[in-house]
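Written out below as structure tokens is the structure these notes cover.
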Amino acid sequence: MKIGIIGAGNVGTGLARLLGPKGHEIMLSFTRDANKLAQTAKTFGTKSGSVPEAVVFGEVVALATPWPMTKDAIAQAGVVTGKKVLWDCTNALKPDMSGLAVGTTTSAAEELQKTAPWARVVKGIPPFAELMQTGNVQIGGKGVGVFVASDDAEAKRLVTSLVRDLGAEPTDAGPLTNARYIEPAAFLLVQLAYVQGLGSKIGLSLLR
Ligand SMILES: NC(=O)c1ccc[n+]([C@@H]2O[C@H](COP(=O)([O-])OP(=O)(O)OC[C@H]3O[C@@H](n4cnc5c(N)ncnc54)[C@H](OP(=O)(O)O)[C@@H]3O)[C@@H](O)[C@H]2O)c1
């Protein structure tokens with residue numbers, strides 16, 4: 001599949017690291033420094049381009065931007081024709097990581113959907129980037145859980161297949177409004193990793 005990625009930081013390159021070897025073609029985008037982006041793309045064996053180029057390129061476009069930069073990134077996409085699958089990997093952390101900037105009567109995903117009417121938004125917060133960068137998102141032989149929410153069944157199916165290709169364990173989490181609960185759960189994980197000292201090689205898993 002062709003995947004455009006907006007945000008070539010920890011998460012964007014983590015996705016590239018895991019999905020490239022699965023045969024996906026990847027274009028990284030969104031930077032303050034075009035030379036750095038070109039170098040990053042070389043390191044991860046991907047293409048690089050502008051945000052509009054990545055949006056046109058991708059059958060799925062993954063959004064991996066810090067929350068405060070997300071509106072700017074979407075604005076850079078400009079006028080988009082057709083309905084694009086937008087895999088929302090963001091978590092709306094406050095800049096000082098003291099809490100969430102939006103929630104629980106709305107979500108980052110729903111706010112994103114309002115900003116990008118051209119998008120079929122799918123929420124699916126990937127595993128911690130440090131875990132993805134090890135090349136293996138399994139813990140104790142089990143892929144860490146990724147809760148996938150969307151109002152568009154086909155878009156959800158595509159993102160679910162990419163989550164599987166990461167080596168993670170997707171769970172269908174229902175409509176996009178359920179991002180209201182996915183995002184706080186991911187924030188709990190941030191607290192456990194960085195405040196409670198468990199470190200980033202952790203993930204959520206659904207037991208049945
Ligand atoms: N880190 C994780 O483990 C993790 C896991 C799951 C979800 N998330 C979420 O995923 C999103 C991305 O996280 P990340 O850790 O990948 O972020 P990051 O490493 O800081 O990456 C930020 C990306 O945005 C680009 N950018 C462009 N303009 C920018 C600006 N004005 N200020 C800052 N960056 C700018 C950066 O490129 P240049 O530096 O080249 O300008 C870089 O490609 C966040 O919403 C986060 O909450 C993170």
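Heavy-atom basis, side chains included; hydrogens, waters and symmetry copies ignored. What you see is a predicted model; the values in this text were computed from it and never measured. Atoms within each ligand, like the ligands themselves, are counted from 1 in listed order.
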Legend entry - Candidate pair L15 and L166, rule side-chain contact (heavy atoms from CB on, under 4.5 Å), full reasoning: CA-CA 7 Å; L15 297 178; L166 291 176; 3.9 Å; yes
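Among all protein heavy atoms, the one lying closest to atom 29 (C) of ligand 1 is R32 NE, 3.5 Å. Of the protein's heavy atoms, N91 N, 4.0 Å lies nearest to atom 46 (C) of ligand 1. Nearest protein heavy-atom contact of atom 15 (O) of ligand 1 is N10 ND2, 3.1 Å. From the protein, the heavy atom lying nearest to atom 16 (O) of ligand 1 is V11 N, 2.8 Å. Of all protein heavy atoms, the one lying nearest to atom 42 (C) of ligand 1 is G9 N, 3.6 Å. Protein heavy atom in closest approach to atom 25 (C) of ligand 1: F30 O, 3.5 Å. Summary of contacts: the protein heavy atom closest to atom 43 (O) of ligand 1 is A8 N, 2.7 Å. Annotation: atom 7 (C) of ligand 1 to nearest protein heavy atom, C89 O, 3.3 Å.
Atoms of ligand 1 lying under 4.0 Å from any heavy atom of G7, numbered from 1 in the order shown and given with element: 43 (O). Every atom of ligand 1 with a heavy atom of A64 under 4.0 Å away is listed here by number and element: 11 (C), 12 (C). Those atoms of ligand 1 with a heavy atom of A129 less than 4.0 angstrom away are 1 (N), 2 (C), 3 (O). Counting atoms of ligand 1 from 1 in the listed order, those under 4.0 Å from a heavy atom of I125 are 6 (C), 7 (C). The atoms of ligand 1 that sit less than 4.0 Å from any heavy atom of T90 are 45 (O). Contact atoms of ligand 1 toward P126: 6 (C) (distance under 4.0 Å to a heavy atom of the residue).
K123 and L176 get closest at one heavy-atom pair: N-CD1, 3.9 Å. Shortest non-hydrogen contact noted between A168 and P127 is CB-CG, 4.2 Å. Counting all heavy atoms, side chain and backbone alike, A77 lies closest to V55 at CB-CG2, 4.1 Å.
Considering each of G14, A34, P66, the one bringing a non-hydrogen atom nearest atom 22 (C) of ligand 1 is P66.
Using a 4.5 Å heavy-atom threshold, the side chains of L19 and I26 count as touching.
Dense packing is recorded around NZ of K83, with more than 12 heavy atoms of other residues, nucleotides or ligands lying under 6.0 Å away. No more than 12 heavy atoms of other residues, nucleotides or ligands sit less than 6.0 Å from atom NZ of K71.
Hydrophobic clustering keeps V61 apart from F57 (ILVMFWY residues linked when any side-chain heavy atoms are closer than 4.5 Å, directly or through intermediates).
Residue contacts with ligand 1 for K36 involve side-chain atoms from C-beta outward but no N, CA, C or O (heavy atoms, distance under 4.0 Å). Using a 4.0 Å cut-off between heavy atoms, T65 contacts ligand 1 through its backbone alone, with no side-chain atom that close.
Under 3.5 Å, the side chains of S48 and E53 contain no donor-acceptor pair of N or O atoms.
Under the 4.0 Å criterion applied to side-chain N and carboxylate O atoms, K22 and D165 are not assigned as salt-bridge partners.
Interatomic distance, OG1 of T31 versus CD1 of I6, reported as 13.5 Å (0.5 Å rounding).
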